[in-house]
Amino acid sequence: MTIRSSSTEFPRAIMHVDGDSFFVSCEIARRPGLRGKPVVTGLERGIASAMSPEAKKAGIHRGMRIGDMRRVCPNVVILPSDYTMYAQYARRMYSIVRKYTDVVEEYSIDECFADLTHSPLATTATGACSYEEIARQIQADLFDSLGITFSLGLSVNKVMAKVASKWNKPNGFTVIGRSSIPDYLKALPVGKIWGIGSSTTMYLKKLGIETTLDLATKDHSWIDDHCDLPVARIYEELRGNKVLELSTDGHDDYASVQRTQTFRPPSGDREFCWSQLSQHVEDACIYLRKDMRTATKVSFFLKTQDFEYLGEEVSLPDATAEPQELLRAVRPRFDVLFVPRLQYRATGITLHGLRSRKIRTVSLFGDSAHLEKASGVTRAIDRLAEKFGRGVVFLGSSLRALRHDAREDARLHAGHGRIRMSTEQRKHFDVIYLGEVR
DNA sequence: TCTGGGGTCCTAGGACCC
DNA sequence: TCTGGGGTCCTAGGACCC
């Protein structure tokens, strides 16, 4: 029995797990025939989002366009993203890590944090494993079970675990005990740290801070005088303390729902833009109703060709997940904000102030009779959607947006024999018209 | 990377109240 | 009627993440 992880080196043992080229890895795991080939996902956007190592070697990088990819790598396989499948792999990843500890934060579709400090394997009276041994077991288990490699980082808190997992990719394994932290921060540009973006990087640069160690070796009073709370927390973690907790709630208690879409070409057509918003509201409402939730606020925006945003937030008289209610509240504001001569490239909506439907109340001033009527129609829509798929039935106000989508899909997929339109996309043509919402 | 879609958290400042 | 101090709540907007 060896216990190499002393409690001074690891007051807490926090691990970060990061999927290597996750989307592409999932595709290859499902279709092993793709292994060894240059594979890219992101067809639906027309740009590369994840690349296999072979694709990277061929010179393909994130954001590269389809035409350029084919030019530098004629045999590249370009796949549309299948988020549903990736989410399934993510859930399996979480459950594998949970075999080793209860404290797991599901951070994103291809990442999680885990606290190994109280892992049963570490605390067994006889034959306890070191944290490093446990982490190695987890890495092997993930690969054996999923056929996907993950890069693991083990350190004393979340920020340093992130540094560790990123240190050596793919299939990396990096352990950073408390005393070796400075070795890793010495040459690491401060902008590489999780939570420090371009804006903070520029700000810190003006103050003479270039490397992460420059920041970590400032004294507390300097941090108090020059930095906001998020940076102060990162600073603490860079010094080996643990201030960021793992959030183990899972991700089902989301605080907002957003739907946005960029369309090409840009449009100056008021009703077209409105139909886009209408479609987004419908989508977001379906999502909310599935979870028995309602919203009390909706914000919307129009993005102009010059990437200017016009938008605002509207409070609702009653918490609702009825698209017609939301659209009725938004329409007057939309009409005020919409500037006719401008060209728009995207619209979006966010529903927030979410409530559980159980505590939904109807205010004295809300039109409750109307709400009830809408609920009946919406319930019928949900039943049809459940039976025949989403997009079978939708509001008349969304019609133009859906037609535009269908054309866009046809355009995108033309010339790629492998890619067929999904059943869901084809169903957009089977319209039950419910009338205008204005 | 001239810019896709879906999120979270923090902060400053105004409104309102005592 | 004016003034001061302090608290809470809300909103807009920024910054960051994958």
Side-chain angles (χ1 to χ4, degrees), chain A residues 16-23 40-51 59-69 80-81 83-84 86-87 90 93 105-113 151 158-159 162 165-166 190-204 227-234 243-245 247 249-264 266 276 279-280 283-284 287-288 296-301 303-315 333 337 344-354 405 408 412:
Chain A
H16 182 245
V17 179
D18 196 347
D20 298 320
S21 314
F22 189 67
F23 293 178
V40 171
T41 61
L43 178 65
E44 76 287 353
R45 281 208 275 148
I47 56 174
S49 61
M51 297 84 57
I60 294 173
H61 54 78
R62 247 184 101 83
M64 192 181 246
R65 288 173 214 289
I66 288 176
D68 297 334
M69 287 192 258
S81 309
Y83 291 93
T84 312
Y86 310 149
M93 164 183 74
E105 175 176 338
E106 300 176 1
Y107 181 68
S108 77
I109 199 162
D110 68 334
E111 289 175 45
C112 67
F113 292 96
S151 293
K158 287 169 79 173
V159 169
K162 274 281 235 183
S165 69
K166 243 204 294 194
V190 74
K192 298 273 184 191
I193 295 296
W194 178 51
I196 298 190
S198 57
S199 162
T200 306
T201 302
M202 274 192 319
Y203 170 75
L204 291 174
C227 299
D228 58 8
L229 188 58
V231 174
R233 292 207 268 242
I234 289 167
V243 294
L244 299 175
E245 293 303 322
S247 150
D249 317 342
H251 275 231
D252 47 341
D253 62 335
Y254 51 89
S256 65
V257 177
Q258 188 176 338
R259 290 293 182 272
T260 65
Q261 200 186 1
T262 302
F263 37 86
R264 276 206 338 242
Q276 291 281 331
Q279 191 190 4
H280 296 326
D283 271 0
Y287 189 83
L288 280 191
T296 57
K297 281 175 284 194
V298 53
S299 49
F300 68 97
F301 71 79
K303 180 155 66 167
T304 72
Q305 214 172 358
D306 307 325
F307 292 87
E308 300 287 330
Y309 286 85
L310 310 177
E312 71 181 71
E313 181 177 289
V314 182
S315 290
R333 308 310 309 156
L337 246 66
Y344 301 93
R345 58 156 39 231
T347 65
I349 60 103
T350 305
L351 306 186
H352 32 177
L354 304 188
D405 277 4
E408 189 64 7
L412 253 181

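Lettering follows sequence order; numbering is per chain, from 1.
In this structure, A/Ile193 reaches the sugar-phosphate backbone alone: every heavy-atom distance under 4.0 Å involves primed, P, OP1 or OP2 atoms, never a base. Heavy atoms of A/Thr350 sit nowhere under 4.0 angstrom from any nucleic acid atom. When heavy atoms are screened at a 4.0 angstrom cut-off, A/Ile109 is found touching no nucleic acid atom at all. Across all strands, A/Ala346 comes closer than 4.0 Å to no nucleic acid atom at all (heavy-atom distances). In this structure, A/Ser315 reaches the sugar-phosphate backbone alone: every heavy-atom distance under 4.0 Å involves primed, P, OP1 or OP2 atoms, never a base. Looking at heavy-atom distances under 4.0 Å, A/Glu312 makes no contact with the nucleic acid at all. Contacts of A/Ser198 with the nucleic acid, taken as non-hydrogen atoms under 4.0 Å apart, involve only primed sugar atoms and P, OP1 or OP2.
Side-chain contact between A/Phe22 and A/Glu111 is absent, with no heavy atoms from C-beta onward closer than 4.5 Å.
Extent of DNA chain B lying under 4.0 Å from chain A heavy atoms, first and last nucleotide in 5' to 3' order, is B/dT3 to B/dT11.
Regarding the sugar-base torsion, C/dC2 falls in the anti class, its angle being beyond 90° of 0.
Not counting sequence neighbours, the partners of A/Glu312 by the salt bridge (charged side-chain N to carboxylate O under 4.0 Å, His left out) test are A/Arg333. The ring pair (Phe, Tyr, Trp, His ring centres under 6.0 Å) search around A/His280 returns none, not counting sequence neighbours. Judged as a salt bridge (charged side-chain N to carboxylate O under 4.0 Å, His left out), and not counting sequence neighbours, the contacts of A/Asp68 are A/Arg71. With sequence neighbours excluded, no residue forms a salt bridge (charged side-chain N to carboxylate O under 4.0 Å, His left out) with A/Asp110. With sequence neighbours excluded, no residue forms a side-chain hydrogen bond (donor to acceptor under 3.5 Å, both in side chains) with A/Arg62. Listed by chain and number, the residues in a salt bridge (charged side-chain N to carboxylate O under 4.0 Å, His left out) with A/Glu245 are A/Lys242 (sequence neighbours excluded). Residues that satisfy the side-chain hydrogen bond (donor to acceptor under 3.5 Å, both in side chains) test with A/Asp18, not counting sequence neighbours, are absent from this structure.
Mapping A/Gln258 and A/Arg65 onto DNA chain B by nearest heavy atom places A/Arg65 closer to the 5' end of the strand. Toward the 5′ end of DNA chain B lies the nearest nucleotide of A/Arg259, the other residue of the pair A/Arg259 and A/Arg233 mapping further downstream.
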Inset, instruction - Could you summarise the pairing of DNA chain C as dot-bracket text, marking Watson-Crick and G-U pairs under 3.5 Å with ( ) or [ ] inside the strand and | across strands? - result: ....||||||||||||||
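The two residues A/Ala48 and A/Val40 make their nearest non-hydrogen contact at CB-CG1, 3.6 Å.
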